[in-house]
Amino acid sequence: MRLRTWQRMMIGGVCLGLGTLLAAVQIEIRVDQPGAPIAPTMWGVFFEDINYGADGGLYPERIKNRSFDFPEPLMGWSVVRLEGSEGDVATTAEEPAQTVRPRYVRVRSTSPRGGLGVQNEGFFGIAVQAGAEFDFSVRARSRDVRPPVLRVELVAPDGTLLDSRVLRGVPAEWGELSCRLIPKARELKARLNLVVEGEGSVDLDEVSLFPRDTWAGRRGGLRRDLVQWLADLKPGFLRFPGGCIVEGRHLETRYQWKNTVGPIGGRPLLVNRWNTEFKHRPAPDYYQSFGLGFMEYFQLCEDIGAAPLPILNCGMACQFNSGEVVPMSQLQPYLQDALDLIEFANGGADTEWGRRRIEWGHPRPFGLKYLGIGNEQWQQDYLERYAEFARVLGARHPEIVLISSAGPGPDGPHFRFAWPRLRELKAAIVDEHCYDGPRWFFDAAGRYDQYDRQGPRVFMGEYAAQSVRTGSPENRNNWECALSEAAFMTGLERNAEVVVMSSYAPLFGHEEGWQWRPNLIWCDGLRSYATPNYYVQQLFSRNRGDHLLSVQVTGQAPATSREPGLYVTACRETRTGEVILKVVNSAPEPRRAHVRTVGQGAVASRGTVTVLTAAELSEENSLEAPRRVAPITSRLEGISDFWAHTFPKQSMTVLRWRAGR
Ligand code: AHR
């Protein structure tokens with residue numbers, strides 16, 4: 001009699017110890033019965049300008065309040081007097097360089113020696129690398145017959161001069177002066193001095209210090225290391241610009257995409273709604289310069305191969321704040337913004353907004369397919385407004401898939417109110433949000449098993465396990481949280497028929513500038529690191545597969561937070577012909593399982609195994625130890641149609657091998 005491999009192993013198992021074998025879990029994968037397709041958008045990225053994610057983060061302009069247009073015009077600036085020079089420094093808007101951000105600073109130096117000027121503190125200091133090139137520029141004007149020269153200096157906190165240049169030829173009417181600075185040493189907390197030397201009066205505006213080293217080498221482009229983290233996720237989509245920032249605390253301060261495109265100087269400044277949201281982390285100098293605006297978001301999507309998913313205000317301010325609602329009779333401008341955005345992203349030169357996109361440097365359309373209507377809204381006010389957007393956009397742009405909101409939580413009255421109505425409205429994709437403890441995430445791995453297969457699809461649009469509680473400044477990006485998210489994500493993948501999009505939130509946190517934690521990626525002015533949670537996201541997104549495979553797990557009770565065990569999902573990648581098995585072991589000891597592959601031809605004897613784990617659930621990464629919790633991939637031998645594998649305690653494992661046709 002020819003024994004099949006698994007039968008031989010069973011016999012071998014008796015010799016080796018029946019107890020071990022019988023106690024083992026069995027994972028049976030059917031490779032001959034492909035299940036639901038896994039949407040290319042399944043694993044995406046959520047960006048919001050919180051925690052200095054844009055100015056001070058992804059958008060690497062080093063000068064804070066560069067146009068002196070913060071309500072406190074000299075916020076971020078101080079007066080510098082060299083050798084006790086005299087004169088005054090004041091802001092004014094008289095005959096401005098431009099009208100959108102009219103204010104500028106006038107430096108009137110009355111001493112023939114020394115120098116008078118302004119110093120910028122940057123975002124938690126001006127961060128520079130030794131030998132790196134920075135483009136400095138300023139708009140300047142002097143009505144003096146013999147205009148004075150300007151000195152630009154980068155100085156370390158101890159006064160060490162890092163680099164300096166003299167700018168001559170200040171024009172009588174507004175004009176740009178520029179130079180390149182190359183600091184001689186690395187410094188996280190440098191300052192920039194802009195000084196009028198000797199006697200004279202100069203008006204200064206739009207001061208900029210921008211690194212040459214940007215993503216794709218673009219002038220004025222995004223911070224390279226941070227975009228690289230995003231690109232390395234291979235995200236299916238990028239959601240932007242948020243988050244509550246879409247809504248504003250009041251309608252007046254809502255995000256309006258048209259104010260974020262076109263020449264940078266023409267983009268009006270807006271307060272950042274996170275500036276004083278949390279009393280424990282006030283950030284009164286937090287504004288939105290919109291150097292990172294909708295054009296840049298779309299460009300970023302294109303760069304990293306992610307589908308753009310803009311979220312638009314639907315006529316409602318944040319319901320955690322003022323909750324202002326625009327009357328239905330005044331909704332038209334909001335609808336128009338949506339129509340114009342579709343035109344901006346997809347329209348040709350024969351359309352008004354398509355033409356502007358082309359003028360501003362992007363001839364090809366951005367291929368917008370998804371549009372979010374409101375962020376985290378709830379109750380009848382939202383449903384009425386959503387219905388109107390759906391009616392108007394459905395008629396004009398049936399090709400655009402709309403995303404609607406189920407409110408701020410994954411259950412509760414708002415959630416239960418929204419879902420039946422969204423179903424009636426035949427909503428395409430419903431955005432659910434969840435911030436809760438690790439226990440919730442372990443237990444919710446089966447959440448979507450019961451969801452209606454015929455109803456709207458789900459976007460798990462914001463989620464993150466909170467080690468303490470939502471909003472707590474003590475929350476940590478520890479391994480326990482990441483592991484629970486991994487367990488939950490096996491449930492998202494197993495339910496790919498229902499769940500078509502998901503994203504962790506928030507994305508970036510500045511080590512000194514955060515308001516909210518946990519976050520997926522942390523940075524300071526120069527460095528960045530990925531959290532264990534990031535690596536979990538990455539293991540899913542880079543091992544997405546195209547369609548599910550049916551998996552049966554026997555020999556264990558379904559894993560939960562109280563009954564730890566294996567959380568399992570399997571899929572197949574058509575391009576490589578590989579089976580991808582993801583297993584999260586939440587138990588505090590290793591778990592051995594027999595993996596049986598059924599219904600295929602040959603099974604390759606080799607594959608790869610990637611393990612993400614940590615010695616303790618409390619472990620985290622940091623700037624100093626960025627890869628304490630990081631995946632390790634190795635070759636795997638001895639695979640067959642029935643083989644055994646041990647899953648380390650509290651780990652996530654991805655196994656890949658070729659099987660079948
Ligand atoms: O991710 C942080 C915030 O949490 C988002 O802005 C909001 O949508 C949610 O309440």
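Model, not experiment: these values are computed from the prediction. Whatever order the structure lists ligands and atoms in, that order sets their numbers, starting from 1.
- For the atom pair CG of L393 and CG of L341, the computed distance is 10.0 Å after rounding to the nearest 0.5 Å.
- Nearest to atom 6 (O) of ligand 1 among the protein's heavy atoms is E48 OE1, 2.5 Å.
- Polar contact check, W274 against ligand 1: no nitrogen or oxygen pair lies under 3.5 Å apart.
- For ligand 1, the atoms closer than 4.0 angstrom to any heavy atom of E462 are 1 (O), 3 (C), 4 (O), 5 (C), 7 (C), 8 (O), 9 (C).
- Every atom of ligand 1 with a heavy atom of G243 under 4.0 Å away is listed here by number and element: 5 (C), 6 (O), 8 (O).
- The closest approach between P506 and ligand 1 falls below 4.0 Å for a heavy atom of the residue.
- Considering backbone and side-chain atoms together, W516 places no N or O closer than 3.5 Å to any N or O of ligand 1.
- For I245, no heavy-atom contact with ligand 1 is shorter than 4.0 Å.
- Contact check for Y535 versus L539: no side-chain heavy atoms found under the 4.5 Å cut-off.
- With ligand atoms numbered from 1 in the order given, ligand 1 contributes 7 (C), 8 (O), 9 (C), 10 (O) to contacts under 4.0 Å with heavy atoms of E376.
- Looking at R239 and D431, a side-chain N of the basic residue comes within less than 4.0 Å of a carboxylate O on the acidic one, giving a salt bridge.
- Looking at every heavy atom in both residues, P60 comes nearest to P211 through O-CD, 3.4 Å.
- Among the atoms of A505, none of the N or O lies under 3.5 angstrom from an N or O of ligand 1.
- Under the ring-ring contact (aromatic ring centres under 6.0 Å, His included) rule, F47 has a single partner from F240, Y504, Y297, which is Y297.
- With a 4.5 Å cut-off on side-chain heavy atoms, I429 and L402 do not count as touching.
- Side-chain atoms of R223 and W215, non-hydrogen and from C-beta on, never get closer than 4.5 Å to each other.
- In this structure, atom 2 (C) of ligand 1 lies nearest to the protein heavy atom Y435 OH, 3.7 Å.
- Under 4.0 Å from ligand 1, not a single heavy atom of Y504 appears.
- F210 pairs by the ring pair (Phe, Tyr, Trp, His ring centres under 6.0 Å) definition with Y59, not counting sequence neighbours.
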